[in-house]
Amino acid sequence: MTGAPARTLLLWCPDWPVLAAEIVDGVPATGPVAVLHANRVVACSERARAEGVRRGLRKREAQGRCPQLTVVEYDPGRDARAFEPVVAAVEELVAGVEVVRPGACAVAARGPSRYLGGEEAAAERIIEHVAQSCLVESQVGIADGVFAAGLAARAGRVVAPGGTPEFLAGLPVEALGRSALADLLRRLGVRTLGDFAALPAGDVLARFGFDGALAHRLAAGRDHRPLAVRQPPADLTVTSEHDEPIDRVDAAAFVARALAEQLHERLAGHGLACTRLGIEAVTEHGQELHRVWRHDGLLTAAAIADRVRWQLDGWLSGSNGRAGARAARPTAGIIRLRLVPDGVIAQAGLQAGLWGETGEERERAHRALSRVQGILGPEAVVTAVLGGGRSPADQVRLVPWGDERLPTRPGPPPLPDEPIGSGADRPASAGRPADRSGGGAPPWPGRLPAPAPAVVLPSPLAATVHDAAGEPVVISARLAVSAPPARLVVGTGQPAEIVGWAGPWPVDERWWAPAEARRRARFQVTLADGAALLLAVEAGQWLVEAIYD
């Protein structure tokens, strides 16, 4: 490559993972806070650093140095969401922003320096605008290339044109952000970027490979990577302002129809369709109302209008989303209504099925169930979603109608039907069955074999199990059954003869969380009257968890 690196302005927000945790989760960044990934500190607050917490420390060592430390798990999605308003604020002043990572974004310095009165004036203006718009402190660095600008931002410096190699020469090799390479270079006696840049490029490539050669170019200030300018997201929200407050359902229905058609046209203009709709309203007295509607298909203009009308009806009539209960109506009429397409996809991105997916019957069912949700709230209509887990209760999740039908945990494919057999036919190793979860799905050791029970009891029933001699059947710590189960008594009922049984299936879950830890063994039993039950032994107590057909 030829030519000098482009002048780059980079905005950096110190300790961004900590600030993102405060913005999204409300964790005070002024206290001792550490963000952990893989049990190591990746970012910490200023107060935590004052107590000796540093990046790279293990959790226990960090808490030993600062007993009051608040620990937050690293979440790159949270960091990116919280950084979006900062990027939008920068885009209000300059064009062509590249998000380097959450907490840092870069622009070409030439444009802002020309119309904001110079590079230093541009840096001050951007810092001030971000502080006023987002209440976020930031620093700006300007140098030749993105890499050098990032290091300059940490020092709050504007490096003169052509002075980037000299600026980089005195920095330690750790500034490259490659810990393994930096450790190796230090052991070889190379301690600064200037020392590293002075090595012959051919020797660096032969000794350290392609990544080492790239780091060598950065250390020498030869960063020729052009900015990857992002496209600002289209503003798809629609808003209506009303001089006369809306306090009647018929007026709300008229507004809903017009606003829904406007939103649908805007989405169609970008080739998009809505799957999740946010409805926001502000009353004359400043009260703010918000609700999100989801749909497993594409929301048409009519569907959007229906949901807006139903939601406004619920607000204006005082429905709080619970059957038979009423909430206080808004203190005044609605003066501002805003529709936010919270979830959008390409209009051709959702393919309907060939049969039974787009018929009138299914559409009527959608409308009827959505109408019930509009009156009683989203939680009033739920559907079951199967997922992974070791017990039947763990494998079912109830989600509101129209929500994304995603399991809480990945589940393996169903096992082939396996009849409940006799314990005498099961080998001694049956307590630890081999994993049969199949193809690339995560395994669930201890998972029950098929068939699944027909009824899962909301609260397990206490029971007692005896052997043929009338002695209680117990399970040892090594999962040895004291004697074959022969009789079962549920609660205060009559004894029932056990004619077949299988198990045990041991489960030792969440041992690292004492409040949630569970250790139990489960059995399948068939009774003389043809009934089949799922039993569990936990802390010496037998329980009936589910019933088979």
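Heavy-atom basis, side chains included; hydrogens, waters and symmetry copies ignored.
- The minimum heavy-atom distance between D467 and A486, with the atom names listed, is C-CB, 3.5 Å.
- No side-chain heavy atom of R101 sits less than 4.5 Å from a side-chain heavy atom of W16.
- What you find for A256 and A305 is that their closest heavy atoms are CB-O, 3.9 Å.
- Nearest heavy-atom pair, S482 versus P472, reported as atom, atom and distance to 0.1 Å: OG-O, 3.9 Å.
- Rounded to the nearest 0.5 angstrom, L488 CG and W501 CH2 are separated by 14.0 Å.
- Under the 4.0 Å criterion applied to side-chain N and carboxylate O atoms, E51 and R47 are not assigned as salt-bridge partners.
- Aromatic ring centres of W505 and F523: separated by at least 6.0 Å.
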* Run the numbers on D306 and R309 for side chain to side chain contact (heavy atoms under 4.5 Å, CB included), then give the verdict. => CA-CA 5 Å; D306 286 343; R309 186 178 74 252; 3.1 Å; yes

* Does the side chain to side chain contact (heavy atoms under 4.5 Å, CB included) test come out yes or no for L527 and I498, once each step is laid out? -> CA-CA 5 Å; L527 307 180; I498 297 175; 3.9 Å; yes

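- Around atom NE2 of H242, more than 12 heavy atoms belonging to other residues, nucleotides or ligands sit under 6.0 Å away.
- Between V41 and Y74, every side-chain heavy-atom pair lies at or beyond the 4.5 Å cut-off.
- A 4.5 Å side-chain heavy-atom check between T283 and P245 finds every atom pair outside the cut-off.
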* Take E545 and L457 through the test side chain to side chain contact (heavy atoms under 4.5 Å, CB included) and record every step on the way to the result. => CA-CA 6 Å; E545 287 191 334; L457 301 177; over 6 Å; no

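- The distance from atom CG of L57 to atom SG of C66, rounded to the nearest 0.5 Å, is 11.5 Å.
- Ion pairing between R49 and D15 holds under the 4.0 Å rule for side-chain N and carboxylate O.
- The minimum heavy-atom distance linking Q541 with A463 is given by the pair NE2-O, 3.1 Å.
- Within the 4.5 Å cutoff, the side chain of P504 has no heavy atoms near those of the V537 side chain.
- At a threshold of 4.5 Å between non-hydrogen side-chain atoms, the residues L277 and V340 do not count as touching.
- Here the closest heavy-atom approach between residue P484 and residue V473 is recorded as O-CG2, 4.4 Å.
- Rounding to the nearest 0.5 Å places CG of D247 at 12.5 Å from CD1 of I335.
- Here the closest heavy-atom approach between residue C134 and residue P85 is recorded as SG-O, 3.5 Å.
- Side-chain contact between L461 and L543 is absent, with no heavy atoms from C-beta onward closer than 4.5 Å.
- Atom CD of E241 sits in a crowded spot, with more than 12 heavy atoms from other residues, nucleotides or ligands closer than 6.0 Å.
- A distance of 12.5 Å separates CD1 of I334 from CZ of R248, quoted to the nearest 0.5 Å.
- At a threshold of 4.5 Å between non-hydrogen side-chain atoms, the residues V238 and R266 count as touching.
- With hydrogens and angles ignored, the 3.5 Å screen pairs no side-chain donor or acceptor of T237 with any backbone N or O of L339.
- Annotation: side chain of E280 is not in contact with side chain of L289 (no heavy-atom distance under 4.5 Å).
- To the nearest 0.5 angstrom, H264 atom NE2 is 13.5 Å from L259 atom CG.
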* T526 and Y548: CA distance, side-chain angles, deciding distance, side chain to side chain contact (heavy atoms under 4.5 Å, CB included) verdict -> CA-CA 9 Å; T526 53; Y548 293 90; over 6 Å; no

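- Between the side chain of D529 and the main chain of A531, a donor-acceptor pair closer than 3.5 Å is present.
- The structure places CD of Q63 at 11.0 Å from CD of Q68, a figure rounded to the nearest 0.5 Å.
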